[in-house]
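Here's the structure, in structure tokens; my notes come after.
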Amino acid sequence: MARTAEDILADAVRRSAPGDGANRLVPLIEAGRAPRETIAAFALEQHHVITGDRGSFQRLAERAAGTRPAVAGFFTSLVQGEDVALDRLGALAGACGLDGTAVRAYEPLAGCQAYPAYTAWLALHAEPADVVVALTANFAAWGGYCSTVGRALRRHYGFDDAACGFFDFFAEPVPEGVERSSAAVRAGLAAGLVSERLAHRYGRLLRDYELMFWNTLAGA
């Protein structure tokens, strides 16, 4: 029996799930033990991550446009999401006492920027339909982290809803996003372009780079 897009995505999410204790920072924030300076560093690093990923998603959308509109649509929606995330990041930065000068002056850490660097590699070299699978798997863990951090910032750090809006935006998957992922993978399957082996490789590396982001901040 042929594998469906839903089968492939569910398997990718399962394979890419991080192990218990793999993320060292989120439990510290959840317990209120991470210093506020670490939250500020998160906001500063994310400014670079978001702007980098936005360009990568735009490139992936362009590569799929014309032949695979469902795949292109998936990445176009991510570009739009990055615009929202960058806007909401401003409130988080403000709650951390950061202004535009601080954002511009900040020098990012290599361990935090490995993820967007790899996303840029995928944008140049990987089949876009395979990247859909890998990103969807990674977003599942990212959403869980954001949900936990958003609650903790309210409980332990006194951040208001506006300051937590960045995390709230990613915390819950929306039905439209799930359908866009499935439609994109179905289009890739119809064109014979999906390689689960490569998609799993990309997902594994994205997971590890994601953990490197958090764990670099935990040790900073």
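It should be emphasised that the depicted structure is a prediction, and the values quoted were computed from it without experimental measurement.
Taking 4.5 Å as the limit, some side-chain heavy atom of Thr148 sits within range of a side-chain heavy atom of Arg151. For the pair Leu9 and Glu6, the minimum side-chain heavy-atom distance is 4.5 Å or more. Side-chain contact between Tyr118 and Tyr202: present, with at least one pair of heavy atoms (C-beta onward) separated by less than 4.5 Å. Proximity of Asn23 to Pro18: side-chain heavy atoms (C-beta onward) are nowhere separated by under 4.5 Å. Side-chain contact between Leu92 and Phe167 is present, with at least one heavy-atom pair separated by less than 4.5 Å. A 4.5 Å side-chain heavy-atom check between Tyr115 and Asp53 finds at least one atom pair inside the cut-off. Side-chain atoms of Leu135 and Phe57, non-hydrogen and from C-beta on, do get closer than 4.5 Å to each other. Here the side chains of Phe75 and Arg59 are not in contact, with every heavy-atom distance at 4.5 Å or above.
Listed by first and then second residue, the salt bridge (charged side-chain N to carboxylate O under 4.0 Å, His left out) pairs that reach into residues 195-213 are Arg3-Glu196, sequence neighbours excluded.
A salt bridge between Arg186 and Glu179 is present, with a side-chain N of the basic residue lying under 4.0 Å from a carboxylate O of the acidic one.
At least one donor-acceptor pair under 3.5 Å links the side chain of Thr76 to the backbone N or O of Ala72. Asp99 places a side-chain N or O within 3.5 Å of a backbone atom of Ala102 that can act as its donor or acceptor partner. When atom types are taken as modelled, the side chain of Asp130 and the backbone of Ser195 share a donor-acceptor pair closer than 3.5 angstrom. In this structure, Arg88 contributes its side chain and Gly165 its backbone to a donor-acceptor pair below 3.5 Å. Judged by distance alone, with hydrogens and angles left aside, the side-chain atoms of Arg63 form a donor-acceptor pair with the main-chain N or O of Ala123 at under 3.5 Å. Remark: side-chain polar atoms of Thr51 are paired, donor with acceptor, to backbone N or O of His48 under 3.5 angstrom. Between the side chain of Thr216 and the main chain of Met212, a donor-acceptor pair closer than 3.5 Å is present. Panel note: side chain His47, backbone Leu86; no donor-acceptor pair is recorded below 3.5 Å.
The minimum heavy-atom distance linking Ala183 with Ala70 is given by the pair O-CB, 3.7 Å. Nearest heavy atoms, Ile8 versus Val194: CD1-CG1, 4.4 Å. Across all non-hydrogen atoms, the minimal contact from Val132 to Ser181 is CG1-O, 3.9 Å. Nearest heavy-atom pair, His200 versus Arg15, reported as atom, atom and distance to 0.1 Å: CE1-NE, 3.2 Å. The two residues Leu109 and Glu45 make their nearest non-hydrogen contact at N-OE2, 2.8 Å. Residues Leu217 and Leu25 come closest through the heavy atom pair CB-CD2, 3.7 Å.
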* Starting from the C-alpha separation in whole Å, work towards a yes-or-no answer on side chain to side chain contact (heavy atoms under 4.5 Å, CB included) for Arg54 and Gln80. => CA-CA 8 Å; Arg54 187 189 187 283; Gln80 296 166 349; over 6 Å; no
* Please test Asp160 against Arg154 for salt bridge (Lys or Arg N to Asp or Glu O under 4.0 Å), starting from the C-alpha separation and ending with a verdict. => CA-CA 6 Å; Asp160 61 17; Arg154 291 176 169 93; over 6 Å; no
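A chain of hydrophobic side-chain contacts below 4.5 Å, direct or via other Ile, Leu, Val, Met, Phe, Trp or Tyr residues, connects Leu205 to Trp121. In the hydrophobic cluster analysis, where Ile, Leu, Val, Met, Phe, Trp and Tyr join through side-chain heavy atoms closer than 4.5 angstrom, Phe74 is grouped apart from Val178. A single hydrophobic cluster is not seen to contain both Leu122 and Ile50; linkage of ILVMFWY side chains at heavy-atom distances under 4.5 Å, directly or through other members, places them apart. Under the 4.5 Å side-chain heavy-atom criterion for grouping Ile, Leu, Val, Met, Phe, Trp and Tyr, Phe170 is connected to Val26 within one hydrophobic cluster. Cluster annotation: Val149 and Phe169 are assigned to the same hydrophobic cluster (Ile/Leu/Val/Met/Phe/Trp/Tyr, side-chain heavy-atom contacts under 4.5 Å, transitive).
Trp214 and Phe42 have tilted rings, their planes meeting at an angle from 30° to 60° on a 0 to 90° scale. Taking the six-membered ring where the residue is Trp, Phe159 and Tyr157 present perpendicular rings, their angle passing 60° and hence far from 30°. A perpendicular orientation is assigned to the rings of Trp142 and Phe166, their planes being inclined by more than 60° (bins at 30° and 60°).
Remark: the Asp7 side chain and the Thr4 side chain contain an N/O donor-acceptor pair separated by less than 3.5 Å. Of the N and O atoms on the side chains of Tyr209 and Asn138, not one donor lies less than 3.5 Å from an acceptor on the other residue.
Distance CG/Leu206 to CG/Leu211: 11.0 Å, rounded to 0.5 Å.
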